[in-house]
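The block underneath contains the structure these notes are about, expressed in structure tokens.
Remember, predicted model here, so these are calculated numbers, not experimental data. We count residues from 1, following the sequence as given. Counting convention: from 1, in listed order, for ligands and their atoms alike.
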Amino acid sequence: MNTNMKRILRGALAVALGASLVGCGSSSSSSSSSSGEKTYVIATDKTYAPFEMTNKKGKLIGIDMDLIRAIAKDQKFKVKINSLGFDAACTALESGEADGVIAGMTITDERKQKYDFSKQYYKTGVSMAVAKNSKIKSYSDLKGKTVVAKTSTAGLSFAQSIHKKYGFKIRVVEESSLMFQTVKSGEAVACFEDTPVLKYMIGQGQLDFKMPTKSENPSYYGFAVSKGKNKTLLSKFNKGLANLKKSGEYKKILAKYE
Ligand code: ASN
């Protein structure tokens, strides 16, 4: 082999090695701007009021959106928010397309196997909701009926944990809006969703539903990064959250959506 060929081969090997490193997901989706501030890609749910929703001007607002932006400002980083849907947001995190997920996401032991969570930032639980004129008063009334829940969620896990005992079927959909629609149309008699979301939607008159049973599985929301992969972002989130709590800004954000 002449020296020229060797050089070409060496070059090709370097390109292949570089490509395989990128393929391993060792590079994160974050980038640095000219101001020197890092931009993190944050994935979130589609409409999930009061945590993420779009206002009349098309801007993403809500507790999660205000929090992550205020934390970014406090900790001097930038965010690019991708509104993907809950299951898709988790997939983006796992594939390295997103650096973090903030999506009204419950901290659970099962999820802790895959993700690192920030300090808790909001209290939650799961409730059953039915149409306002429904006769369903308890889980026993669900016998032989169909309920609906959203893919990969705490609401779905809870429904799955009791469906055999109470003898109901579960339909699974991708988005909360579709879940509510499925109950409105009567294709399902009930849905299982996070209590603060149902309370907000019903309170705002956006859902003509009621919650006949108590809130289950008391738990908390957290911001998630891939396990062991983004300690820096996680600690910035925690520091920022602590600062917002100290300054009173955290309370102000929550009060906006009461
Ligand atoms: N609250 C859901 C969960 O933690 C997430 C969501 O629907 N945005 O499973």
Side-chain angles (χ1 to χ4, degrees), residues 41-54 60-68 79 81-94 97-129 147-163 170-183 188 190-204 206-207 209 211 213-227 237 254 257:
V41 178
I42 307 297
T44 189
D45 202 344
K46 293 213 171 128
T47 304
Y48 200 58
F51 300 96
E52 28 272 344
M53 52 192 155
T54 311
L60 273 170
I61 56 162
I63 293 172
D64 286 348
M65 300 299 97
D66 289 7
L67 263 186
I68 192 71
V79 286
I81 295 169
N82 285 344
S83 172
L84 304 175
F86 182 64
D87 188 52
C90 295
T91 306
L93 185 59
E94 284 163 33
E97 280 163 69
D99 297 298
V101 168
I102 189 160
M105 182 174 183
T106 304
I107 305 171
T108 66
D109 287 341
E110 199 187 338
R111 287 176 179 164
K112 279 188 197 162
Q113 316 273 322
K114 285 205 244 171
Y115 314 116
D116 286 330
F117 282 98
S118 68
K119 292 261 160 58
Q120 60 201 40
Y121 67 85
Y122 201 91
K123 197 173 185 311
T124 187
V126 169
S127 290
M128 173 172 82
V147 310
V148 60
K150 184 169 68 168
T151 321
S152 303
T153 61
L156 176 60
S157 297
F158 178 71
Q160 283 167 337
S161 74
I162 61 163
H163 90 280
I170 309 169
R171 182 184 294 186
V172 181
V173 296
E174 283 297 317
E175 282 179 43
S176 291
S177 54
L178 188 55
M179 182 174 69
F180 299 141
Q181 193 47 47
T182 308
V183 176
C191 65
F192 286 86
E193 174 59 285
D194 289 19
T195 312
V197 172
L198 289 170
K199 270 195 179 153
Y200 181 84
M201 298 282 289
I202 293 171
Q204 294 283 312
Q206 291 180 39
L207 271 186
F209 285 10
M211 293 185 277
T213 48
K214 66 176 183 17
S215 181
E216 310 272 3
N217 292 353
S219 41
Y220 290 92
Y221 288 154
F223 168 72
V225 299
S226 266
K227 201 169 175 66
F237 186 96
L254 297 199
Y257 299 99

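- For the atom pair OH of Tyr122 and OH of Tyr220, the computed distance is 12.0 Å after rounding to the nearest 0.5 Å.
- Without hydrogens or angle criteria, Thr195 side chain to Gly125 main chain gives a donor-acceptor distance under 3.5 Å.
- Ion pairing between Glu110 and Lys112 fails under the 4.0 Å rule for side-chain N and carboxylate O.
- Residue contact check: Ala103 has heavy atoms under 4.0 Å from atoms 5 (C), 6 (C), 8 (N) of ligand 1.
- When only interatomic distances are considered, the shortest N/O to N/O separation between Arg111 and ligand 1 falls below 3.5 Å.
- For atom 5 (C) of ligand 1, the closest non-hydrogen atom on the protein side is Gly104 O, 3.4 Å.
- Checked against a 3.5 angstrom limit, the closest N/O atoms of Phe86 and ligand 1 fall outside it.
- Here is the list of ligand 1 atoms found below 4.0 Å of a heavy atom in Met105: 4 (O).
- Between Met53 and Thr47, the shortest heavy-atom distance links the atoms CB-CG2, 4.4 Å.
- Contact annotation: for Asp194 versus ligand 1, heavy atoms closer than 4.0 Å belong to the side chain alone.
- Considering backbone and side-chain atoms together, Asp45 places an N or O closer than 3.5 Å to an N or O of ligand 1.
- Ring geometry for Phe209 versus Phe180: interplanar angle over 60°, hence perpendicular rather than tilted (30 to 60°).
- In summary, the atoms of ligand 1 found under 4.0 Å from a heavy atom of Lys150, numbered by their order in the structure, are 6 (C), 7 (O), 8 (N).
- Ring-plane geometry between Tyr48 and Phe51 is classed as tilted, the angle between the planes lying from 30 to 60 degrees on a 0 to 90 degree scale.
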